[in-house]
There are 2 protein chains.
Amino acid sequence: METLADAADHGTDVCSVPPLRHPRPDGQDSYTISEVVAFTGLTAHTLRWYERIGLMPHVDRSHTGQRRYCNADLDWLDLVGKLRLTGMPVADMVRYAEMVRAGDHTYSERYELLEATRRDVLARIAELQDTLAVLNRKIDFYADAGHAPASERPR
Amino acid sequence: METLADAADHGTDVCSVPPLRHPRPDGQDSYTISEVVAFTGLTAHTLRWYERIGLMPHVDRSHTGQRRYCNADLDWLDLVGKLRLTGMPVADMVRYAEMVRAGDHTYSERYELLEATRRDVLARIAELQDTLAVLNRKIDFYADAGHAPASERPR
DNA sequence: CGCTTGCTTGGAGTGCACTCCAACGTTTTA
DNA sequence: TAAAACGTTGGAGTGCACTCCAAGCAAGCG
C-alpha cells in the first residue's frame, strides 16, 4: 500500500523536467493552431478562448491572419496546463499572466501567488492520500469476499 | 451495528482516520439538517439536493416532515465527501449509491468502480507531484532575487 | 479550376455542481 | 404568546470552463 513516503519519492525536486522540449528549434518555431492542438491536447476552441480572455499573449499571425505559435507560447501553455492541474481558477491564471505582462515590479506578487498555489497543492496531495486510505480500506473489504463495509448506507 | 471506527482499525494505513466519530451515540442519533451542515461543511441546499438526485437514501423524517439524520447517514456523507475529493462526478457516486441499494449482487461492480477510482487517485497524486516540481522550480527562481524564469511568455 | 481541409470571428449553448428564491409551516426563545 | 430562527418544496438561476455554430476566407492538390 502506498503511503506518503512512497508518493513523495516521485521526485519533488530535480530531474523531473520532461526531456522532450520543443518540436522545432528556436528560429524555425512556427506552429499552426492544429499543431499546437496535437502538442498540448487542448482544443483549438480552447486555445482561441485562452487568447480572448487574456490567458495567452497575443499570438503571432501569418500574413493572412492565421495564428502562428512559437516555442515560448508552448512553454507558457505548458505552465498553464500545470497550473490548471492544481485546480487554480482560470481567472487567477489570467491575473498571473497580467502580472507577467505588467513587468518586473510584480515579482513579489507573483511569488506570493505561486507560494499560495504550492501550499494548495501540498494540501491537496495530503487530502488525496487520506482518501486513498479510505479507498484502500473499502476495497479490502470488497476483495475480502462477500460482505460489505459497515458504513454502507443507501436504503 | 458496526461503524467505521471498527473498519478503520483494520488499518491498512496508520493513524489517518479522524478520532472523532459521531457527535451522538447510536440510539440517540438524530440530527437536524443544520447540525449536519455544521458537521459536514455542506450546505443545507446541497444536502437536500443530494437526496433529490438519489445520492442520499431517503432520510428519516420527524412527525412533521423535517429531516432527521442518523449516524449511518453521517458515515455515508463522509464517504461521499471523500469520493468528491477524488474528482469523481456526482453521477458516478449516484451509480454507486444505486448499486448499494440494489444489493449483494453488485459487489463486484462496486469493487471495479472503487478500484478504478483508486487508480485515478494515484494518477492524480503523481500529476500533482509533477506540478509541485515545476512550481518549486519557478518559486526558486523568484526567490533567487530579481530575474524571471526563462519561460515567462505574456507580452 | 474545383475540391477538400483548415483557419477566422463573435456570440450563443452546454454540462456540471451547486445555489438561491418565494411562500409557507414548525420550533425555540424571551 | 409573540417574535425570531429554522425547516419545507419545486423550480429557476449562477458560475465556471469550456464547446459549438454559422458564415466566410485561405491554402494545398490533381
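Quick note: numbers below take in every heavy atom, side chains included, and nothing from hydrogens, waters or symmetry partners. Letters A, B, ... mirror the listed sequences (proteins, then strands); counts begin at 1.
- Nucleotide C:dT19 holds its P atom 9 Å from the NE2 atom of B:His45, rounded to whole Å.
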After noting the C-alpha distance and the side-chain angles of B:Tyr96 and B:Leu79, does the key distance pass the side-chain contact (heavy atoms from CB on, under 4.5 Å) rule? CA-CA 11 Å; B:Tyr96 184 78; B:Leu79 174 64; 4.1 Å; yes

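- Residue B:Tyr50 has a polar side-chain atom (N or O) positioned under 4.0 Å from OP1 or OP2 of C:dC18.
- Atom P of nucleotide C:dT19 and atom CH2 of B:Trp49 are separated by 9 Å, given to the nearest angstrom.
- Contacts between residues 81-93 of chain A and DNA chain D, counted as heavy-atom distances below 4.0 Å, involve A:Arg84, A:Pro89, A:Val90.
- Taking all atoms of both residues into account, the shortest heavy-atom contact from B:Pro57 to B:Asp73 is CG-OD1, 3.8 Å.
- Applying the salt bridge (Lys or Arg N to Asp or Glu O under 4.0 Å) criterion to B:Glu127, with sequence neighbours excluded, gives B:Arg124.
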Could you walk me through whether B:Glu35 and B:Arg24 pass the salt bridge (Lys or Arg N to Asp or Glu O under 4.0 Å) test, one step at a time? CA-CA 11 Å; B:Glu35 286 172 319; B:Arg24 289 203 267 279; 3.1 Å; yes

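- A sub-4.0 Å separation between OP1 or OP2 of D:dA27 and a side-chain N or O of A:Thr64 is present.
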May I have the step-by-step check of side chain to side chain donor-acceptor pair (under 3.5 Å) for B:Asn71 and B:Tyr31, ending in yes or no? CA-CA 9 Å; B:Asn71 283 336; B:Tyr31 310 95; 2.6 Å; yes

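- Residue B:Ile53 contributes atom CD1, which lies 14 Å from atom C1' of C:dT19 at whole-angstrom precision.
- One can place OH of A:Tyr69 at 14 Å from C1' of C:dG6, the figure rounded to the nearest angstrom.
- Annotation: side-chain contact (heavy atoms from CB on, under 4.5 Å) contacts of B:Thr40 (sequence neighbours excluded): B:Val36, B:Leu42, B:Leu77.
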Sequence-aligned protein contact record of nucleotides 7-12 of chain D, with B where the base is within under 4.0 Å of a protein heavy atom and S where only the sugar-phosphate is: SBBBB-

Verify side-chain contact (heavy atoms from CB on, under 4.5 Å) between A:Met88 and A:Arg84, making sure each step is shown before the conclusion. CA-CA 6 Å; A:Met88 180 187 284; A:Arg84 206 175 37 136; over 6 Å; no

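- A:Asp60 places its CG atom 16 Å from the P atom of C:dC7, with the value rounded to the nearest Å.
- Applying the side-chain contact (heavy atoms from CB on, under 4.5 Å) criterion to A:Thr64, with sequence neighbours excluded, gives A:Ser62, A:Gln66.
- Applying the side chain to side chain donor-acceptor pair (under 3.5 Å) criterion to A:Arg118, with sequence neighbours excluded, gives B:Asn136.
- Taking atom CD of A:Glu51 as the reference point, atom P of D:dC18 lies 16 Å away to the nearest angstrom.
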